[in-house]
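Throughout, protein chains are lettered first and strands after them, A, B, ... in sequence-line order, and every chain is numbered starting at 1.
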Protein chains: 2
Amino acid sequence: MATPLRIVEVDKLKTACSTCSLHELCLPAGLSASELKSMDRMIDIRRTVKRGDYIFRAGTALHALYAIRTGFMKSCVLHEDGREQVAGFHMMGDLIGMDAIGSGQHLCDALALEDSEVCEIPLKSLELLSREIPSLQHHFHRIMSREIARDYGVMLLLGSMRAEERLAVFLLNLSQRFAARGYSSTEFHLRMTREEIGSYLGLKLETVSRTLSQFQAQGLVAVQNKHLRILKIDSLRELVGQHGCRV
Amino acid sequence: MATPLRIVEVDKLKTACSTCSLHELCLPAGLSASELKSMDRMIDIRRTVKRGDYIFRAGTALHALYAIRTGFMKSCVLHEDGREQVAGFHMMGDLIGMDAIGSGQHLCDALALEDSEVCEIPLKSLELLSREIPSLQHHFHRIMSREIARDYGVMLLLGSMRAEERLAVFLLNLSQRFAARGYSSTEFHLRMTREEIGSYLGLKLETVSRTLSQFQAQGLVAVQNKHLRILKIDSLRELVGQHGCRV
DNA sequence: GCTGCCGTTTGACCCAGATCAAAACAGCGG
DNA sequence: CCGCTGTTTTGATCTGGGTCAAACGGCAGC
């Protein structure tokens, strides 16, 4: 076997759903081998995005949904007066762009917080294929539903939790998502700035910083710049929900 | 024609998608006459719910999605410690229960704020039928997407708006939704209590009351108990976004 | 290694909206 | 018509987290 041929082969393997290590986490979860092949045919474009690049911008037309293969991104919704609110942080296996199906236009910006790779999934193709593969159809519905469920959680957080609780929820959520992807649940890098965390949690960056320092003083976490280690995960869990509510 | 027969006929007409006055607003929007017939076959159960009745409770298994035919309801997500956060107010034509598709269990309570009528739409049937009718499939996706989009708006509101802005956004949203349903955009009844408004907006009931009184003093609205009249809709619109942000 | 730029931390002070309290009011059953 | 209950309004006071300000630290470019 000639070397050039092998390279091409490996390259192709790397970018197919059927061999992607995320396929149990991502859209094709639960599909059979032959159904995965159909997925492979549907997803023909992969994009590499560099830190700071936009995957899509608010106001632009929906071209496709994007499955995150590697990297880390945020989506933020903008108010006409310039205020921006981080609506979510996304990591590998997550599907983004679903906010745009309703109107055909994206409502938020999505941008990479580190060099990333995404798979473009044209909505039309996805809808076509899910008419043929019931389990894909149902799984897509589950993914959209989980986004709604996540949003409800954020509403609860923003509407009725105090600062410490918000931050604890945030850290526990990151921890759990990293764990689900095979990474450490207690030690990770915060890819976003304090300001972005604050925006997501409805707090100012100073409050995020202060609360993080307070957690550190209490021995709950060890923070050094963007590196975070959770020391007492149970105490963090207890912290959520036991304090008197703010609203 | 005998009277009893006529009654049955009218009754049947009243409960079919094909003759429902909401069908351009609801799930079957854009379907052909024959496709509407298929919808009729799918939706075989209509439920009447009285003020205070639950349509579903958090933690219970997903049986069906519910399209609201008449009435007004709220959904609220609960925190284990008893805190509750209103996640949305729903009126005729709205589809609720989509939060449960992901896990198979409802994450929020849905309860009627006035006597209402809902159509039960079994998820399995809906998925089956949308495999046959592409426009139904796409419209269902659009509805789920619009729920995500709405949630992003609520996040922006809860995360970065001051009390007056939140209330103005709330009133403008109600106004616009009533208008879309053929009712007055400037005069309507608030079906929910001040406390429920507050919960939805992340404010306490006293703040809602005070802010409403303030709007009244400024001549923006006329409130009398639960009856509300918008006097200066443009001023309300201007109010949103011009103040310095809280977060 | 030095310099400049961000992002972060920490302190001091302030204010929007929460909390507490009480009165006014609507709606309802008897 | 009355009394009861739950909702709403309004006032007085308090406080969590916002705002302003300054110092610190890590890292990229030179």
Side-chain angles (χ1 to χ4, degrees), chain A residues 50-52 74 83-86 113-115 157-170 189-218 221-228 239 242-247, chain B residues 50-52 74 83 85-86 113-115 157-171 189-218 221-228 239 242-247:
Chain A
K50 287 220 282 292
R51 181 187 155 91
K74 69 167 178 179
R83 265 178 283 183
E84 99 171 32
Q85 164 89 17
V86 173
L113 296 180
E114 63 180 27
D115 293 358
L157 180 145
L158 292 173
S160 60
M161 288 188 185
R162 42 196 308 105
E164 302 147 52
E165 291 182 280
R166 295 185 196 198
L167 200 63
V169 167
F170 173 71
H189 262 79
L190 299 168
R191 266 80 166 193
M192 67 299 280
T193 65
R194 302 287 189 265
E195 186 167 21
E196 287 162 336
I197 297 174
S199 172
Y200 182 58
L201 299 178
L203 303 168
K204 297 259 68 161
L205 68 131
E206 294 94 329
T207 306
V208 173
S209 177
R210 267 185 250 276
T211 310
L212 229 32
S213 303
Q214 177 198 319
F215 283 178
Q216 175 144 265
Q218 292 169 317
V221 302
V223 221
Q224 190 169 35
N225 206 15
K226 290 199 189 292
H227 187 80
L228 187 127
L239 201 153
Q242 71 181 1
H243 289 257
C245 45
R246 208 183 61 88
V247 171
Chain B
K50 286 220 283 291
R51 180 186 153 94
K74 69 167 177 178
R83 265 180 282 181
Q85 163 90 17
V86 173
L113 295 180
E114 63 180 27
D115 293 357
L157 179 146
L158 291 174
S160 60
M161 288 187 184
R162 40 195 309 104
E164 302 147 51
E165 291 182 280
R166 295 185 196 196
L167 201 63
V169 167
F170 173 72
L171 295 179
H189 261 80
L190 299 169
R191 266 79 167 193
M192 68 298 282
T193 66
R194 301 287 189 265
E195 186 167 22
E196 286 161 336
I197 297 174
S199 172
Y200 182 59
L201 299 178
L203 303 169
K204 298 260 67 162
L205 68 134
E206 293 95 330
T207 306
V208 173
S209 177
R210 267 185 250 275
T211 310
L212 229 31
S213 302
Q214 176 199 319
F215 282 178
Q216 175 145 265
Q218 292 168 317
V221 302
V223 221
Q224 191 169 37
N225 205 17
K226 290 198 190 291
H227 187 82
L228 187 126
L239 200 153
Q242 72 181 1
H243 288 259
C245 47
R246 208 184 61 90
V247 172

Open item on the list: Restricting to non-hydrogen atoms, name the atom on A:Ser199 and the atom on A:Glu84 that form the minimum distance, rounded to 0.1 Å.
Closed with: OG-O, 3.4 Å

TODO: Quick one: list whatever passes side chain to side chain donor-acceptor pair (under 3.5 Å) with B:Gln214, sequence neighbours left out.
DONE: none

TODO: Would you please name every residue forming a salt bridge (Lys or Arg N to Asp or Glu O under 4.0 Å) with B:Glu195, sequence neighbours left out?
DONE: none

Task: For atom CD of A:Glu165 and atom C1' of D:dG17, their distance in whole Å - done: 14 Å

Task: Integer-rounded Å distance: C:dA24 P and B:Gln224 CD - done: 18 Å

Open item on the list: Taking the axis from the first five pairs and the axis from the last five, what angle separates them in the helix from C:dG1-D:dC30 to C:dG30-D:dC1, rounded to 10 degrees?
Closed with: 50°

- [ ] Tell me, please, which residues at least two apart from B:Arg194 pass side chain to side chain donor-acceptor pair (under 3.5 Å).
- [x] none

- [ ] Grab the NZ-C1' distance between B:Lys204 and D:dG16 for me, whole Å please.
- [x] 14 Å

TODO: Using salt bridge (Lys or Arg N to Asp or Glu O under 4.0 Å) as the criterion, list what pairs up with A:Glu196, not counting sequence neighbours.
DONE: A:Lys74

- [ ] Please report, rounded to the nearest Å, how far the C1' atom of C:dT19 is from the CZ atom of A:Arg162.
- [x] 13 Å

Open item on the list: Checking B:Asp115 now: which residues fulfil side chain to side chain contact (heavy atoms under 4.5 Å, CB included) with it, not counting sequence neighbours?
Closed with: B:Lys50, B:Arg51

Open item on the list: How many whole angstroms separate atom CG of A:Leu158 from atom P of D:dG18?
Closed with: 12 Å

Open item on the list: Could you work out, with side chain to side chain donor-acceptor pair (under 3.5 Å) as the rule, every residue matching B:His189, not counting sequence neighbours?
Closed with: B:His227

Extract from the structure each pairing of a protein N or O with an N or O of nucleotides 9-15 of chain D at less than 3.5 Å, listing the distance.
residue: D:dT9; atom: OP1; partner: B:Arg194; partner atom: NH2; Å: 3.2
residue: D:dT9; atom: OP2; partner: B:Arg194; partner atom: NE; Å: 2.8
residue: D:dT9; atom: OP2; partner: B:Ser209; partner atom: OG; Å: 2.8
residue: D:dT9; atom: O5'; partner: B:Ser209; partner atom: OG; Å: 3.2
residue: D:dT10; atom: OP2; partner: B:Ser213; partner atom: OG; Å: 2.7
residue: D:dG11; atom: N7; partner: B:Arg210; partner atom: NH1; Å: 2.9
residue: D:dG11; atom: O6; partner: B:Arg210; partner atom: NH2; Å: 3.1
residue: D:dA12; atom: N6; partner: B:Arg210; partner atom: NH2; Å: 3.2

Task: Short side-chain to backbone donor-acceptor contact, A:Arg191 and A:Glu114, under 3.5 Å - done: no

Open item on the list: Expressed as a whole number of angstroms, how long is the span from B:Arg191:CZ to C:dG27:P?
Closed with: 15 Å

Task: Nearest-Å distance for atom pair CG/C1', residues A:Leu113 and C:dG7 - done: 14 Å

Task: Phosphate OP1/OP2 of C:dG7: any A:Lys226 side-chain N/O under 4.0 Å - done: no

Open item on the list: Suppose we screen for side chain to side chain donor-acceptor pair (under 3.5 Å). Which residues come up paired with A:Arg210, at least two apart in sequence or across chains?
Closed with: none

Open item on the list: If I take atom CG in residue A:Leu203 and atom C1' in nucleotide C:dT8, what distance separates them, rounded to the nearest angstrom?
Closed with: 16 Å

